[in-house]
Asker: 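Pasting a structure below so you can have a look.
Hydrogens, waters and symmetry mates play no part in the numbers below; they use all other heavy atoms, side chains included.
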Amino acid sequence: MGEGGSATHLALVGPTASGKSALGLEVARALGDVEIVSIDSMQIYRGMDVGTAKPTRAERERVPHHMVDVADPWEDWSVARFQAAAREAVTEIEARGKRALLLGGTGLYVQAVVDDLRFPGEDLDRRADLAARVATPDGLAAAYRELEAVDPVAASRIEPANSRRVVRALEVIGTTGKPFSSFGPGVQARGPTALPVSMVGVWLPRAVLADRIAQRFAVMREAGLVEEVRALAAEPRGWSRTARQAIGYKEVLAHLDGGAPDLEAAFDAAVRRTRAFSRRQRMWFRRDPRITWFGAPENSCAVLPALLAWWCR
RNA sequence: GGCCGGGUAGCUCAGUCGGCAGAGCACACGCCUGAAAAGCGUGGGGUCACCGGAUCGACGCCGGUCCCGGCCA
């Protein structure tokens, strides 16, 4: 049976370079009553265009896009911020009598929009102190033991070597006085979605995906990725911690800064990191039982008819 | 042709005085609620170029062969 036809909103997820953006555009065109909400941690940044494979101006004129170009490159960003802004976008779409098509590959962001994840506030000073404490192996071990004592449930979800997650858990416990685990069952728990949505995923064979990733970087290089990075690096207001870690940008920046890797090596590194990212995306999405998968041998657009049949039942 | 350096995991390379073969990357399987294009765990992988020798025991020492790089002719 499935509730594909009864749900109002749609979500289309999948690994990077799978062609889901093009597919999403076709879906939007065919359905006519949807607006796209990009679920992408990097397309939010203005000026980061070629390296994020951002939809073109023409594409955005054809179908309304949200959560694209909503931040400046010198702003730090976060899941919580994304969640609030994306939900607002969805509400506005509903008010227009339309449906949202959530389109993207940032797993945690998708879940933040679709599920009722509540993010306890942050305390950057406390976080910095904890980060300093955890900088040595002994300090990290001690911090983890403390977490085990104060919040065994959270400790069981976090691996002892994962200093960043240990710090965050202790930060929340320190500021709220409540266990980190009391803020939710964890990302692995998946009940019915809070937002009424029908979720679909697209996949391609890994070898095809690897080819597409390599090809896409070659195209981005032609399209001026290096010049884009140079401009962002020269921006007097800076380039935020979250923005500058974007794949491709980070590697090219390292080349421009230190010159250490030659440009060829920088792009090779970016390709490798994208493949690793793609693997993490696969891991994240495939354990979500609410996603219905559609596969194609070469190009995601091949699944369009099946996808429309599924969503129009 | 002579001299010097090198040949170890798919790739780049460590390997102390001879004592069960190592790291990073790649790959695979997983984890993670305010950095998520981030962060983290586990795993599979080897005729240590080849042949012979001394030794209880060789990636390591001795002799030879083959490849690669550099210098000299």
Side-chain angles (χ1 to χ4, degrees), chain A residues 13 15-17 38-45 48 51-54 71 75-85 104-124 126-128 131 134 140 144 147 151 153-173 175-176 178-190 194 206-207 210 213 216-217 220 239-253 261 265 268-287:
Chain A
V13 303
T16 189
S38 162
I39 311 290
D40 186 298
S41 63
M42 294 300 164
Q43 289 186 359
I44 59 169
Y45 286 114
M48 292 173 64
T52 62
K54 200 176 277 181
E75 291 179 69
D76 269 336
W77 201 262
S78 72
V79 213
R81 254 184 110 171
F82 188 91
Q83 182 187 50
T106 303
L108 179 61
Y109 284 18
V110 171
Q111 206 168 342
V113 174
V114 147
D115 284 322
D116 193 23
L117 264 42
R118 290 162 193 221
F119 300 93
E122 58 184 356
D123 181 339
L124 296 183
R126 193 184 295 269
R127 186 182 300 177
V134 140
L140 174 58
Y144 188 75
L147 181 62
D151 187 352
V153 176
S156 74
R157 289 183 196 152
I158 298 171
E159 282 161 323
N162 197 344
S163 56
R164 197 173 288 187
R165 312 262 76 250
V166 171
V167 164
R168 171 62 183 157
L170 290 176
E171 171 196 337
V172 169
I173 293 166
T175 51
T176 65
K178 301 199 294 198
F180 185 54
S181 59
S182 69
F183 290 92
V187 287
Q188 79 284 3
R190 290 183 171 89
R206 287 176 211 186
I213 288 168
R216 195 167 70 161
F217 265 107
M220 285 174 175
W239 193 3
S240 77
R241 185 187 53 170
T242 49
R244 72 194 303 156
Q245 70 194 8
I247 298 176
Y249 294 85
K250 183 179 182 179
E251 288 76 13
V252 171
L253 181 67
D268 284 350
V271 168
R272 280 200 305 275
R273 194 151 76 99
T274 306
R275 278 203 303 264
F277 169 49
S278 169
R279 190 179 56 71
R280 268 181 281 132
Q281 288 178 303
R282 196 171 67 238
M283 291 294 165
W284 183 281
F285 289 125
R286 89 175 173 191
R287 60 184 174 157

Asker: Give me the distance, rounded to whole Å, that separates B/A37 from B/C20 when you measure between the P atoms they each carry.
Answerer: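 It comes out at 45 Å once rounded to the nearest Å.
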Asker: Classify A/Gly51 by what it touches in the nucleic acid, base, sugar-phosphate, or nothing, heavy-atom distance under 4.0 Å.
Answerer: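 It contacts base atoms.
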Asker: Select from A/Asp40 and A/Glu171 the residue whose nearest nucleotide in RNA chain B is closer to the 5' end of that strand.
Answerer: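 That would be A/Glu171.
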Asker: Any sub-3.5 Å donor-acceptor pair from A/Gln43's side-chain atoms to A/Ala53's backbone N or O?
Answerer: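 Yes.
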Asker: Say we look at B/C71 and B/G10: how far apart would their P atoms be, to the nearest angstrom?
Answerer: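 Straight-line distance between the two P atoms is 31 Å.
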Asker: Expressed as a whole number of angstroms, how long is the span from A/Tyr109:OH to B/A37:P?
Answerer: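 About 7 Å, once rounded to whole Å.
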Asker: Strictly distance-based, threshold 3.5 Å: is any side-chain N or O of A/Asp76 a donor or acceptor partner for the main-chain N or O of A/Arg241?
Answerer: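 Present.
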Asker: Evaluate A/Trp77 against A/Ser240 for side chain to side chain contact (heavy atoms under 4.5 Å, CB included), listing each step before the verdict.
Answerer: CA-CA 8 Å; A/Trp77 201 262; A/Ser240 77; over 6 Å; no
Asker: Whole Å only: how far is the CZ atom of A/Phe277 from the P atom of B/A36?
Answerer: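 So the CZ-P distance, A/Phe277 to B/A36, works out to 10 Å.
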Asker: With rounding to whole Å, what would you report as the distance between B/G7 and B/G30 at their C1' atoms?
Answerer: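 These two C1' atoms come out 37 Å apart once rounded.
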Asker: Name every donor-acceptor pair, under 3.5 Å, that has one atom in a side chain of residues 180-188 of chain A and the other anywhere in the protein, sequence neighbours excluded.
Answerer:
from     : atom 1 : to       : atom 2 : distance (Å)
A/Ser181 : OG     : A/Asp151 : OD1    : 2.8
A/Ser181 : OG     : A/Asp151 : OD2    : 3.2
A/Ser182 : OG     : A/Pro179 : O      : 2.5
A/Gln188 : NE2    : A/Pro185 : O      : 3.3

Asker: Do the non-hydrogen side-chain atoms of A/Trp284 and A/Leu108 ever get within less than 4.5 Å of each other?
Answerer: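 Sidechains of A/Leu108 and A/Trp284: in contact.
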Asker: Keeping the roles fixed (side chain from A/Gln83, backbone from A/Ala112), state whether a donor-acceptor pair exists under 3.5 Å.
Answerer: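 Yes, A/Gln83 side chain to A/Ala112 backbone: donor-acceptor pair under 3.5 Å.
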Asker: For B/C62 versus B/C17, give the span between their P atoms, rounded off to a whole number of Å.
Answerer: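 Roughly 14 Å separates the two P atoms.
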Asker: Tell me: CH2 of A/Trp239 to P of B/A38, nearest whole Å?
Answerer: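 In whole Å, B/A38 P and A/Trp239 CH2 are 14 Å from each other.
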Asker: Closest-nucleotide mapping onto RNA chain B: is A/Leu124 or A/Arg164 further toward the 5' terminus? I mean the 5' end.
Answerer: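 Final value for this comparison: A/Leu124.
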Asker: Knowing that exactly one of A/Thr52, A/Thr242, A/Asp40 qualifies, which makes a side chain to side chain contact (heavy atoms under 4.5 Å, CB included) with A/Tyr45?
Answerer: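 Checked A/Thr52, A/Thr242, A/Asp40 against A/Tyr45; only one passes side chain to side chain contact (heavy atoms under 4.5 Å, CB included): A/Thr242.
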Asker: Output one letter per nucleotide in nucleotides 26-33 of chain B: B when a protein non-hydrogen atom lies under 4.0 Å from the base, S when only the sugar-phosphate is that close, - when neither is.
Answerer: SSSBBBBB
Asker: Under 3.5 Å for both donor-acceptor distances, Watson-Crick or wobble: does B/C48 have a partner, and if so which one?
Answerer: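 Result: none.
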Asker: How far does the C1' atom of B/C48 sit from the matching atom of B/G60, given to the nearest Å?
Answerer: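 Their C1' atoms lie roughly 10 Å apart.
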Asker: Grab the CD1-P distance between A/Ile39 and B/A36 for me, whole Å please.
Answerer: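 Distance, rounded to whole Å: 14 Å.
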Asker: Mind checking A/Tyr249 for me? I need base, sugar-phosphate or nothing, with any heavy atom below 4.0 Å counting as a touch.
Answerer: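 The answer is nothing, as A/Tyr249 stays clear of every strand by at least 4.0 Å.
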Asker: For a 4.5 angstrom cut-off between non-hydrogen side-chain atoms, does A/Arg206 reach A/Arg275?
Answerer: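 A side-chain contact under 4.5 Å is absent here.
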Asker: Is atom CZ of A/Arg118 surrounded by more than 12 heavy atoms (other residues, nucleotides or ligands) closer than 6.0 Å?
Answerer: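 No, because the 6.0 Å sphere around CZ of A/Arg118 holds 12 heavy atoms or fewer from other groups.
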Asker: Measure CD/A/Glu122 against P/B/A36 and give the value in whole Å, please.
Answerer: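 Nearest whole value for this atom pair: 11 Å.
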Asker: Can you tell me the base-pairing partner of B/G69? Count Watson-Crick or G-U wobble geometry only, both distances below 3.5 Å, and say none if there is no partner.
Answerer: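 Because both required distances fall under 3.5 Å, B/G69 counts as paired with B/C4.
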Asker: Quick one: label A/Thr242 by what it contacts on the DNA or RNA (base, sugar-phosphate, nothing), any heavy atom closer than 4.0 Å.
Answerer: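 Sugar-phosphate contact only.
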Asker: Using the C1' atom as the reference point in each nucleotide, state the distance between B/C50 and B/C66 in Å, no decimals.
Answerer: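 Comparing C1' positions in B/C50 and B/C66 gives a spacing of 7 Å.
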Asker: Can you give me the N/O atom pairs linking the protein to nucleotides 9-14 of chain B at distances under 3.5 Å, or say none if there are none?
Answerer:
none

Asker: Within the structure shown, what part of the strands sits under 4.0 Å from A/Thr52 by heavy-atom distance: base, sugar-phosphate, or nothing?
Answerer: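 A/Thr52: base contact, heavy atoms under 4.0 Å.
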Asker: Think A/Thr106 has a side-chain N or O under 4.0 angstrom from the OP1 or OP2 of B/A37?
Answerer: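 Answer is yes, contact under 4.0 Å.
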Asker: Could you state the atom-to-atom distance from CG of A/Leu140 to C1' of B/G39 in whole Å?
Answerer: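 After rounding, the gap between these two atoms is 12 Å.
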Asker: Determine the interatomic distance between C1' on B/A28 and the same-named atom on B/C68; round to the nearest Å.
Answerer: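 Those two atoms are separated by 33 Å.
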Asker: Could you tell me whether a side-chain N or O of A/Tyr144 sits under 3.5 Å from a main-chain N or O of A/Ala161, the two making a donor and an acceptor?
Answerer: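 Side chain of A/Tyr144 to backbone of A/Ala161: no pair is present.
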Asker: Measuring to OP1 and OP2 of B/A37, would you say a side-chain N or O of A/Ser41 lies under 4.0 angstrom away?
Answerer: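 For A/Ser41, the contact criterion (side-chain N or O under 4.0 Å from OP1 or OP2 of B/A37) is met.
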Asker: Determine the interatomic distance between C1' on B/U8 and the same-named atom on B/G15; round to the nearest Å.
Answerer: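 My reading of the C1' atoms in B/U8 and B/G15 gives 9 Å.
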Asker: Going by purine N1 to pyrimidine N3 plus the second Watson-Crick contact, or the G-U wobble pair, all under 3.5 Å, which nucleotide sits opposite B/U12?
Answerer: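 In the structure as shown, B/U12 has B/A23 as its Watson-Crick or wobble partner.
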Asker: Applying the Watson-Crick and G-U wobble criteria at under 3.5 Å, what pairs with B/G18? Answer none if nothing qualifies.
Answerer: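 Paired with B/G18, as far as the under-3.5 Å criterion goes, is no nucleotide at all.
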Asker: Check step by step if side chain to side chain contact (heavy atoms under 4.5 Å, CB included) holds for A/Arg127 and A/Arg168.
Answerer: CA-CA 7 Å; A/Arg127 186 182 300 177; A/Arg168 171 62 183 157; 4.0 Å; yes
Asker: Could you tell me which nucleotide pairs with B/G30 by Watson-Crick or G-U wobble geometry, both distances under 3.5 Å, or answer none if nothing does?
Answerer: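 Checking every strand shown, B/G30 finds its partner in B/C40, with both distances under 3.5 Å.
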Asker: Atom NZ of A/Lys250 and atom P of B/A36: how far apart are they, to the nearest Å?
Answerer: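 Answer to the nearest Å: 12 Å.
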Asker: Hunt down the Watson-Crick or G-U wobble partner of B/C61, both distances under 3.5 Å, from any strand shown, or write none.
Answerer: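 The answer is B/G53, by the H-bond criterion.
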Asker: Carefully, step by step, assess A/Phe285 and A/Val110 under the rule side chain to side chain contact (heavy atoms under 4.5 Å, CB included).
Answerer: CA-CA 10 Å; A/Phe285 289 125; A/Val110 171; 4.2 Å; yes
